[in-house]
Structure formats: C-alpha cells, structure tokens
Protein chains: 2
Amino acid sequence: MAVHKKEEFSTKEQSLAAFAKAISHPARIAILSVLAKRNQCICGEIVEVLPLAQSTVSQHLKELKNAGLIDGETDGPRSCYCINWKAFEKFNTDFNSLFEKLKEANAKCC
Amino acid sequence: MAVHKKEEFSTKEQSLAAFAKAISHPARIAILSVLAKRNQCICGEIVEVLPLAQSTVSQHLKELKNAGLIDGETDGPRSCYCINWKAFEKFNTDFNSLFEKLKEANAKCC
DNA sequence: TTTATTTATCGTTTTTTTACGATTAATCTA
DNA sequence: TAGATTAATCGTAAAAAAACGATAAATAAA
C-alpha cells in the first residue's frame, strides 16, 4: 500500500507530470508570475508579495528550482531568481505533442 | 501549522494550479493520453493499460472529472470517458496569458 | 570586529495524496 | 431469477506536501 508507482510510467509522462506538479500550487504560480513580470527578483521581494512565511516561500522556490523552472544564484546575502524559459518551452512542446494534434480529430463524448 | 492558504491567491492562480494539479501525476497524464488517442474509452480499457489497481484508476478518473478535464457517462454497467477539450483550451489560454507575452521581453538571469 | 540583514535549512505538525483490497451497486447474460 | 461483469465507494495505511518557527550561514554595514 501507498508504494508509489510513478517509475512505471513513461519518461515523457513523468516529466510532464513533474512540470505540472511544480506549478500545481497557487503560491508557485504567483512566484512565477512575479518573476515573469520583473524578469528577475530577489527572494525578499517575493516574500513581501506572498501571504506566506519566509521559510515557506524558500521551500517553494527550492521546489521550482529543483524542477528546473527557475534559475537562482546568490548575490551577496541575497538570492536572485529568474524563470528558465527553456523549461517552459519544453513543457509546451511535450504537452502539445500529447494532445494538440488530436483535438480536431475528436468529436464529442460517448 | 499546515493550514492551507490556497484561498489567499487570485482566482486565476488557483484555477491554473488546480488544472496543473490534475495533470501532476503520470497516471493521469497516461489516462488523458489514452483518451486523446481513442477519443473515448471505458474504464476497463484504461485499467488494462495502466499498472494500477482498478480502484486506484477509478480514483484518478474521479479526480480528472472533478477538475473538469474529462467527461464521463455511464453506459450500462460500464463508464465511458472522454476529454473535455474546452478545459484544455482554457488552460492554454490562461497559461499563455500569464507567461507567453513576457518571454521575448526577458533576457537572461541575474 | 560586532551587529544587522538576508535566505536556507531543520524539526515538527497537520493535511493531502497515493494505493490497495474488500465491498457495494448496477446492469447484463444464461 | 441467479450468476457474472463492471465500476464506484469505503476503509485504511503509508508517503508526500504545506506551513511555520527557530536556527544557522553568509555577507554587508556600522
């Protein structure tokens, strides 16, 4: 029970799911949105904007970074983050390659 | 602690996150992929293809349905499912409206 | 050099997710 | 009508996620 079976799916399925998981929380969407608007941002600015504790924001940033959606480098005592647009392009491509083509071919349900 | 704060984010952030959450598991990506290829499908066919128990697949189907990504109707003792493409279009639109425009405006990080 | 600022990490708690077997409900078929 | 099929639901257990405060580490400023 509760043994995770994610490994038993295809690489593409896993990587799409991993990207989706990274953006599956409104706080992380909000972080990405701020980064998109400002190009780059230090952690403190993000903390100011979100209704979450600093440690929680740091945790979300870490997840986004681990998933490859953002890049970050330290700048003195601060950390500067920005979006990794390539990851987004890859997601778009993979996502569309799974679904987009098939849209028009399909009629309604059952 | 561990009080969820999702409600404190914008509607758009929440709805994007909810869609992403729905596709944040490889099993659910796999289900959608099968549905996209076959247009429609009964539950049993999906169970056959996935490395998961019937009850688990049913649970994933329920999540996809609750999130509005698929439609399903019962057909005798079977259940027939198909993709709700409108939900996908909405996601694409919202997703792009948050990020797409900003891509070219942005240079590299920090 | 001491103090302040900034952010990551640690430890913890609560909630949610994932997964399964067993059971139930509904509908076919013999 | 009795038995078989199909799928949803229930109960449960283990794992992961979300959130926070406290602390540590690194750098800047006084």
Side-chain angles (χ1 to χ4, degrees), chain A residues 1-9 13-14 17-31 34-35 40-67 70-82 110, chain B residues 1-9 13-14 17-31 34-35 40-67 70-82 110:
Chain A
M1 307 86 191
V3 178
H4 276 245
K5 297 204 155 177
K6 290 189 180 166
E7 332 75 41
E8 301 190 25
F9 294 88
E13 283 159 355
Q14 287 187 53
F19 187 99
K21 187 181 221 40
I23 61 167
S24 75
H25 193 287
R28 294 196 288 271
I29 298 270
I31 289 172
V34 172
L35 287 177
Q40 58 173 253
C41 236
I42 61 164
C43 175
E45 297 178 293
I46 300 169
V47 172
E48 267 176 32
V49 172
L50 299 197
L52 296 171
Q54 179 267 320
S55 58
T56 308
V57 172
S58 242
Q59 208 171 270
H60 283 305
L61 284 167
K62 193 181 180 185
E63 279 177 73
L64 287 170
K65 200 176 173 189
N66 286 343
I70 63 175
D71 294 317
E73 52 187 53
T74 118
D75 166 31
R78 295 176 207 87
S79 289
C80 185
Y81 290 99
C82 67
C110 306
Chain B
M1 305 93 188
V3 178
H4 276 247
K5 297 202 156 181
K6 291 188 179 168
E7 331 75 41
E8 302 191 23
F9 294 88
E13 283 159 356
Q14 288 186 53
F19 187 100
K21 186 180 223 37
I23 62 169
S24 75
H25 192 288
R28 292 194 290 270
I29 297 273
I31 290 172
V34 172
L35 287 179
Q40 58 173 252
C41 235
I42 62 164
C43 176
E45 297 177 295
I46 299 169
V47 172
E48 267 175 32
V49 172
L50 299 196
L52 296 172
Q54 178 266 320
S55 58
T56 308
V57 173
S58 242
Q59 209 171 269
H60 282 305
L61 284 166
K62 194 181 178 186
E63 279 177 72
L64 287 169
K65 201 175 172 191
N66 286 342
I70 64 175
D71 294 316
E73 53 188 54
T74 119
D75 166 30
R78 294 175 208 88
S79 289
C80 186
Y81 291 98
C82 66
C110 307

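Naming: A, B, ... by sequence-line order, numbering from 1 per chain. This structure is a prediction, so every number in the text was calculated from the model and none was measured. Hydrogens, waters and symmetry mates play no part in the numbers below; they use all other heavy atoms, side chains included.
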Less than 4.5 Å apart, any side-chain heavy atom of B/H60 and any of B/L52?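 B/H60 reaches B/L52 side chain to side chain.
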Just wondering, do B/T56 and A/K5 contact through their side chains at under 4.5 Å, heavy atoms?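 No, their side chains stay 4.5 Å or more apart.
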What is the distance from [atom1] of [X] to [atom2] of [N], rounded to the nearest Å?
X	N	atom1	atom2	result
A/L50	D/dA18	CG	P	14 Å
A/E63	C/dT7	CD	C1'	17 Å
B/E48	D/dT5	CD	P	14 Å
A/L61	D/dA19	CG	P	13 Å
A/E8	C/dC20	CD	C1'	14 Å
B/H25	D/dA15	NE2	P	15 Å
B/I42	D/dA8	CD1	P	11 Å
A/Q54	C/dC10	CD	P	14 Å

Remember a base hit wins even if backbone is also touched, and classify B/K65 as base, sugar-phosphate or nothing at under 4.0 Å, heavy atoms.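 Answer is nothing: B/K65 stays at 4.0 Å or more from every strand.
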Under 4.0 angstrom, heavy atoms only, what part of the nucleic acid is B/L52 near: base, sugar-phosphate, or nothing?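 The residue B/L52 makes sugar-phosphate contact but no base contact.
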Of the non-hydrogen atoms in [X] and [Y], which two are nearest, and what is the gap between them?
X	Y	answer
A/C43	A/Y81	CB-CE1, 4.3 Å
B/I70	B/L61	CD1-O, 3.6 Å
A/A22	A/L64	O-CD2, 3.7 Å

Any donor-acceptor N/O pair, B/R28 side chain to A/A17 backbone, under 3.5 Å: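 No; judged by distance alone, with no hydrogens or angles, the pair does not exist.
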Does the A/S58 side chain pair with the main chain of A/S55, one donor and one acceptor, at a distance under 3.5 Å?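 A pair under 3.5 Å: no.
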Per [X] side chain, nearest of listed nucleotides [options]:
X	options	result
A/H60	C/dA8, D/dA19, D/dC20	D/dA19
B/R78	D/dC20, D/dA7, C/dA19	D/dA7
B/P77	C/dG21, D/dA19, C/dC28	C/dC28
A/A53	C/dA8, D/dA18, D/dG21	D/dG21
B/T56	D/dG21, C/dA19, D/dT9	C/dA19
B/R28	D/dA19, C/dT18, C/dA8	C/dT18
A/K21	C/dC20, C/dA8, D/dA17	D/dA17
A/S79	D/dA19, D/dC20, C/dT7	C/dT7

Every protein N/O lying under 3.5 Å from an N/O of nucleotides 2-4 of chain C:
none

In chain order, what residues pass the side-chain contact (heavy atoms from CB on, under 4.5 Å) check against A/P51, with sequence neighbours excluded?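 Listed in chain order: B/E8, B/F9.
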Both B/A27 and B/D75 contact DNA chain C. Taking the nearest nucleotide for each, which residue is further toward the 5' end?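 Counting from the 5' end, the first nearest nucleotide belongs to B/A27.
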Examine the base of C/dA8 for any acceptor or donor lying under 3.5 Å from a partner atom in the side chain of A/Q59, and report the outcome as yes or no.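 In this structure, the two groups form no donor-acceptor pair.
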Whether B/K62 contacts D/dA7 is assessed here as follows: a side-chain N or O lying under 4.0 Å from the phosphate OP1 or OP2. Is that the case?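 No, outside the criterion.
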Can a side chain N or O of B/Y81 be found less than 4.0 Å away from OP1 or OP2 on D/dT6?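 Result: no.
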Residue met sooner reading DNA chain D from 5', once A/K6 and A/G76 are mapped to nucleotides: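 The 5'-side residue here is A/K6.
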